[in-house]
Engineer: 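Would you mind keeping the following structure in view while I ask a few things?
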Amino acid sequence: MSELSRFFIELAGRWQKRWREAKVFEPEPSPGTPKFFITAAYPYPNGAIHIGHGRTYLIADVLARFHRHFGRRVFYPMGFHYTGTPILTVAEVIAAGDKTVMEEYMEIYGVPEEEMKKMGDPLYLARYFHLQSKRAMEAFGLSIDWTREFTTIDPEYQRFIQWQFEKLRKKGLVVRGRHPVGWCPRHSMPVGAHDTKDDKEPDIGQWTLIYFADGEGLTFPTATLRPETAPGVTNLWINPDADYVVAELNGRRVVVSRDAAFRLSFQGEVKVLREARGREFVGRWVQNPVTGEWVEIYEARFVDPKVGTGVVMSVPAHAPYDYAALRDMGLERLIPLIKVEGYGEYPAKEVVERMGVKNQTDPALEDATKEVYSAEYSRGVMREDVADLVARHLPEPARSMVRAVFKMYFAGRPVKEAREFISKWLVESGLGGVMYDIMNKPVYCRCGTEIVVKVLEDQWFLNYGDPKWKEAARRLIEEMAMVPSDAKAHFLATVDWLDKRACARTRGLGTPLPWSPGWVVESLSDSTIYMAYYTVIKKIRQFGLKPEQLTEEFWDFVLLGVGDVGEVAKKTGVSPEALKAIREEFEYWYPLDSRNSGKDLIPNHLTFFIFNHVAIFPSEKWPRQIVANGWVLREGEKMSKSKRNVLPLDRAVEMYGPDPLRATLVIAAEVEQDLDFRDAEARRNAQQLMAIYALVQRIAQTAEDRAPSWLDLWLASEVAQILERVKEAYQRVRVRQAAVDVLYNVKSAFDQYLSMVERPSKLAVEAAKAWVIAMEPIAPHLAEELWAVLGGGGFAASAPWPSLKADPAALLAKRYVDMLIEDVKKIPAFGPGTRKVAVYVNRRFEWAKAALSGDIRAAIQAGAPPQAAKRLVDLLKSLGEEVRSLVASVEKFDELEALTSYKPYLEKALGASVELYDAEDASAPDLGGKKKAALPLKPGIYLSS
RNA sequence: GCGGGGGUGCCCGAGCCAGGCCAAAGGGGCAGGGCUCAAGACCCUGUGGCGUAGGCCUACGUGGGUUCAAAUCCCACCCCCCGCACCA
């Protein structure tokens with residue numbers, strides 16, 4: 001902790017205490033007064049929040065604080081998300097004594113060793129980080145109303161979630177079905193990416209099974225990713241040396257590898273009847289259910305019993321492995337199925353030969369397979385004659401019927417479509433099935449066991465695939481304000497592909513499904529409309545309502561206005577006054593004005609937030625805005641536990657002080673951009689804030705009451721002008737833009753001002769006050785301190801937005817003086833030797849105004865001599881947007897007067913003495929004949945040494 | 001694979017939606033100067049190439065196209081980042 005940060009921390013502590021005591025951030029509803037309700041995604045306390053969270057909360061805080069200056073009731077609450085598995089998982093790992101994890105926690109979050117030991121208990125762990133995070137948010141100066149704080153395992157919250165799910169279910173949006181999940185056989189538990197070794201994401205894929213029967217009661221289910229090649233099967237492959245079993249699978253007697261039988265047992269009934277070696281089945285003949293053709297089972301050592309079923313169909317025309325193996329055996333027989341531009345009839349053969357593959361063990365076959373597969377998948381089309389291969393064993397008219405279907409949906413179709421069709425057809429006609437598998441195996445559970453795919457038979461889903469629901473979600477997305485605006489496309493795309501989503505789980509903390517105990521509402525499903533809960537929980541507690549009173553009728557009344565107060569009161573035992581008061585509070589605060597989070601939540605949480613709002617609430621209660629910010633990198637690198645470079649918020653506050661940290665997190669990148677947090681930058685910002693502190697102190701102490709000079713007016717105008725821009729930037733959530741202006745550009749104006757005046761005037765104090773309010777959203781503690789120094793009265797946090805007005809003439813005067821300085825410096829003869837600068841001013845400002853039109857005649861009409869008029873029009877054209885508009889809005893402007901008051905500044909800037917003359921003053925010396933060179937806004941200049 | 005976003009000068013990044021005023025804002029870095037006992041901070045100047053100035057050439061992933069005119073519009077291709085579900 002440096003001297004500087006100590007200063008800022010001490011200062012912040014003082015003001016935080018006063019805010020708390022005065023309850024500045026604990027708004028009560030006030031019907032008739034405008035409000036602003038903003039929330040940021042609550043944190044998940046399996047660790048302390050870091051500067052990435054801090055950034056999101058800070059952006060929300062800046063907006064909250066900004067809106068407070070406009071007489072709005074601003075409501076910014078916070079809660080903690082206990083629901084879910086990671087807390088559980090981490091606690092388990094700690095309980096098991098995992099050294100790496102414990103060290104990570106101690107090092108990154110500074111957890112003392114004796115606390116570490118207690119973190120085997122998930123609730124203790126959550127509570128610990130909950131409190132640590134909360135302390136960090138307070139120290140960071142977030143203007144959060146803590147009277148509404150809650151956790152998602154509070155009984156009241158659970159009643160709320162149960163209400164939500166009953167509502168969704170009654171609307172038919174909750175459905176039940178089969179669902180594959182990654183599964184650890186040892187734990188008998190679902191395994192997500194977070195629970196695997198190295199956080200490897202299990203890739204759950206589907207094999208199509210095709211049932212080849214041998215006529216003696218045995219079925220050989222081949223597993224394939226390319227069912228469209230089934231008509232081209234010439235034989236099956238089985239590994240002669242691998243372990244196989246004969247088993248009952250869903251009423252069929254099948255032959256699969258022993259490993260496959262194990263994996264299949266998680267996806268249906270599997271009863272192993274006997275074990276066998278693969279070679280036992282070699283030489284059998286089986287019937288292709290698609291074509292009716294009988295083919296032989298050959299042996300192949302490349303068949304991996306851990307992949308699929310261990311029974312493989314052979315399509316030599318389109319699969320390089322199959323072709324190579326058959327070539328080795330001297331049994332080439334090719335049935336072409338797919339046409340691909342750039343290849344002949346038999347792509348597999350062609351590629352194998354081109355690559356010079358030697359035999360079936362040649363590693364080049366991998367590449368060959370990849371090439372053929374991707375070429376056929378992306379550009380391949382099924383041949384027209386494939387339908388004739390199908391159903392040769394069926395009697396008429398069945399044969400013709402099947403062929404007709406294949407002609408329609410299979411022959412001549414792109415591979416993609418044909419595959420989809422045949423896969424569906426196989427399943428529906430009972431000739432095939434589906435088997436799930438981990439496609440990127442092996443993936444291991446944290447415990448070391450290889451995971452498998454388990455099919456949950458009665459999983460609950462939220463049916464985000466429902467077209468009407470999607471339509472409503474799209475409508476809201478269209479209406480909503482989004483920062484950044486590009487996020488809209490992302491949201492719409494998400495809505496498009498989103499389908500059923502499992503919404504309950506068998507383990508973890510959370511709310512039990514009201515109608516199906518044993519299932520817990522999953523954490524991305526119990527966090528979609530909780531913003532409404534913030535509005536009511538305070539009063540629920542104040543009235544001492546018990547969880548069991550929070551019935552469906554209660555929530556219906558309070559959140560939807562459904563039902564009669566008297567009735568609801570009678571049924572719930574809640575007094576009508578309480579019901580009305582709670583309802584009123586919800587009515588006042590809702591809808592939500594801004595929802596803030598990291599951009600990573602766009603395809604999940606934020607989309608669900610939209611879906612659930614449109615499902616539950618009427619459109620006038622739909623949220624108004626989403627702000628999704630980018631990541632926070634640290635010194636150019638992603639923060640991660642394993643790199644141990646995570647910077648927790650509380651530590652960051654200690655290192656830099658709250659205001660410097662805030663300034664850095666706001667100024668280093670615009671909202672949508674990833675922000676690279678650099679130590680050096682944070683230190684620089686601390687110094688800048690310190691300089692601002694010193695500067696304002698100086699103004700407060702030295703200001704004198706005097707009639708405002710051009711300089712005083714300029715300062716006030718300059719500040720007013722920048723603050724106008726700042727206001728607009730805040731409104732558009734361009735917080736970086738606002739911060740650059742308010743912390744750097746306004747400061748520069750003040751610096752310049754102070755360098756030009758002997759003593760600041762009272763007007764400068766007014767400008768400083770305005771400045772302090774504008775910086776309050778970013779550096780609130782410093783702002784309070786300076787507000788007090790300037791005698792502002794009350795809290796800066798609650799003061800109205802400044803009404804400082806810009807005087808265009810004052811701005812013009814300053815621009816004009818700066819232009820003059822530039823002009824002088826541009827003169828080649830100007831140099832260190834220049835002692836005296838004579839300036840001849842043309843005071844006919846009305847000529848300049850007339851020349852603004854670009855019309856020379858207008859200038860002449862205004863009285864300018866023709867040659868001057870021409871030059872003047874050209875001059876005005878070259879002046880730039882800002883000055884031109886100033887000229888337009890200023891009525892009278894006396895250049896001589898302006899220059900006179902800026903004379904010391906001029907002399908300092910030029911390092912020479914300056915003499916000012918009216919060009920029309922006959923008594924003035926006409927040095928170098930420059931009198932007639934003078935134009936309005938462009939004085940004549942004569943240098944002498 | 002599907003979906004979203006990108007590729008701009010030494011680096012970061014704006015501009016592209018509404019084509020010209022774009023050798024292309026703003027930072028950073030670097031070089032020079034100022035301030036200072038000195039460093040930092042701060043301020044000024046320069047920072048594609050050539051030319052004595054006007055100017056010329058080369059440039060916005062690559063290749064085509066539309067247009068009097070393209071970083072900006074269209075097409076194709078290459079490359080990068082992010083997300084893809086029961087996980088917060």
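This is a predicted model, so every value here is computed, not measured. Residue numbers start from 1 in every chain, and the chains themselves are labelled A, B, ... in the order their sequence lines are given, proteins ahead of strands.
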Engineer: Name the stems with RNA chain B in them: runs of three or more consecutive Watson-Crick or G-U pairs, distances under 3.5 Å?
Structural biologist: B:1-7 with B:78-84, B:10-12 with B:26-28, B:29-34 with B:42-47, B:48-50 with B:55-57, B:61-65 with B:73-77

Engineer: Do the side-chain N and O atoms of Q164(A) and T528(A) include a donor-acceptor pair separated by under 3.5 angstrom?
Structural biologist: yes

Engineer: Quote, to the nearest angstrom, the P distance that separates G63(B) from A31(B).
Structural biologist: 35 Å

Engineer: Do R595(A)'s NZ or CZ and the ring of F609(A) fall within the cation-pi criteria of under 6.0 Å and 45°?
Structural biologist: yes

Engineer: Output the rounded distance in Å from CG (L492(A)) to C1' (C84(B)).
Structural biologist: 17 Å

Engineer: Consider ring-ring contact (aromatic ring centres under 6.0 Å, His included). Of Y82(A), Y530(A), Y157(A), which one does Y42(A) pass it with?
Structural biologist: Y530(A)

Engineer: Heavy atoms under 4.0 Å is the rule here; annotate nucleotides 1-7 of chain B 5' to 3' with B where the base is hit, S where only the sugar-phosphate is, and - elsewhere.
Structural biologist: --SSSS-

Engineer: Provide the distance between the two P atoms, one in G15(B) and one in U72(B), to the nearest whole Å.
Structural biologist: 15 Å

Engineer: Using a 4.0 Å heavy-atom cut-off across all strands, classify D751(A) as base, sugar-phosphate, or nothing.
Structural biologist: nothing

Engineer: For R678(A) and G29(B), give me the distance from atom CZ to atom P, rounded to whole Å.
Structural biologist: 11 Å

Engineer: Check the distance between A85(B)'s C1' and I204(A)'s CD1 and give it to me in whole angstrom.
Structural biologist: 10 Å

Engineer: When we call it a touch if two heavy atoms are under 4.0 Å apart, what does S527(A) touch: a base, just sugar-phosphate, or nothing?
Structural biologist: nothing

Engineer: Under 3.5 Å, which protein N or O atoms sit close to an N or O of nucleotides 14-17 of chain B? Give each pair with its distance.
Structural biologist:
unit_1 : atom_1 : unit_2  : atom_2 : d
A14(B) : OP1    : Q673(A) : NE2    : 2.4

Engineer: Show the nearest heavy-atom pair for residues I602(A) and A628(A), with the distance to one decimal.
Structural biologist: CD1-CB, 4.0 Å

Engineer: Hey, does F608(A) have a side-chain heavy atom less than 4.5 Å from the side chain of S525(A)?
Structural biologist: no

Engineer: What class does the angle between the rings of F750(A) and Y753(A) fall in, given that below 30° is parallel, 30 to 60° is tilted and above 60° is perpendicular?
Structural biologist: perpendicular

Engineer: If we check side-chain hydrogen bond (donor to acceptor under 3.5 Å, both in side chains) with K599(A), which of these qualifies: D674(A), T56(A), N629(A)?
Structural biologist: D674(A)

Engineer: Could you work out the separation of G83(B) and G32(B) based on their P atoms and round it to a whole Å?
Structural biologist: 44 Å

Engineer: Can you see which heavy atom on P122(A) is nearest to which on I87(A), and at what distance?
Structural biologist: O-CG2, 3.5 Å

Engineer: Grab the two heavy atoms, one from N685(A) and one from P660(A), that are nearest each other, plus how far apart they are.
Structural biologist: CB-O, 4.3 Å

Engineer: Whole angstrom is fine here: how far is it from CD1 in I602(A) over to P in G83(B)?
Structural biologist: 12 Å

Engineer: Between D526(A) and T511(A), is the side chain to side chain donor-acceptor pair (under 3.5 Å) condition met? List the steps.
Structural biologist: CA-CA 8 Å; D526(A) 82 342; T511(A) 303; 4.8 Å; no

Engineer: In whole angstroms, how far is the P atom of C42(B) from the CD1 atom of I692(A)?
Structural biologist: 13 Å

Engineer: Considering only atom C1', compute the distance from U58(B) to G4(B) and round it to an integer number of Å.
Structural biologist: 35 Å

Engineer: For the P atoms, the ones on A23(B) and on A70(B), what distance do you get once it is rounded to whole angstrom?
Structural biologist: 12 Å

Engineer: Heavy atoms under 4.0 Å, any strand shown: does D676(A) hit a base, just sugar-phosphate, or nothing?
Structural biologist: nothing

Engineer: Is it the case that E92(A) and T89(A) place a side-chain donor and acceptor less than 3.5 Å from each other?
Structural biologist: no

Engineer: Measure from CG on L754(A) to P on C43(B) and round the result to the nearest Å.
Structural biologist: 15 Å

Engineer: To the nearest Å, give me how far apart CG (L498(A)) and P (C84(B)) are.
Structural biologist: 12 Å

Engineer: Let me know, please, whether G84(A) or K500(A) comes out on the 5' side of the other along RNA chain B by nearest nucleotide.
Structural biologist: K500(A)

Engineer: Looking only at heavy atoms, which two atoms of L601(A) and A41(A) are closest? And how far apart?
Structural biologist: CD1-CB, 3.9 Å

Engineer: Has R505(A) got its NZ or CZ under 6.0 Å from the middle of the six-membered ring of W519(A), at an angle within 45 degrees of the ring axis?
Structural biologist: no

Engineer: When you measure from the side-chain N and O atoms of T83(A) to the phosphate of A88(B), is any distance below 4.0 Å, counting only OP1 and OP2?
Structural biologist: no

Engineer: Considering only the C1' atoms, how many Å lie between G13(B) and G27(B), rounded to the nearest integer?
Structural biologist: 8 Å

Engineer: What is the distance, rounded to the nearest whole Å, between atom CG of N685(A) and atom P of G27(B)?
Structural biologist: 15 Å

Engineer: Could you measure between the two C1' atoms, the one in C75(B) and the one in U66(B), and give it in whole Å?
Structural biologist: 11 Å

Engineer: Below 4.0 angstrom from OP1 or OP2 of G28(B), is there any side-chain N or O of R684(A)?
Structural biologist: no

Engineer: Using the P atom on both, measure C79(B) against C74(B) and round to a whole Å.
Structural biologist: 22 Å

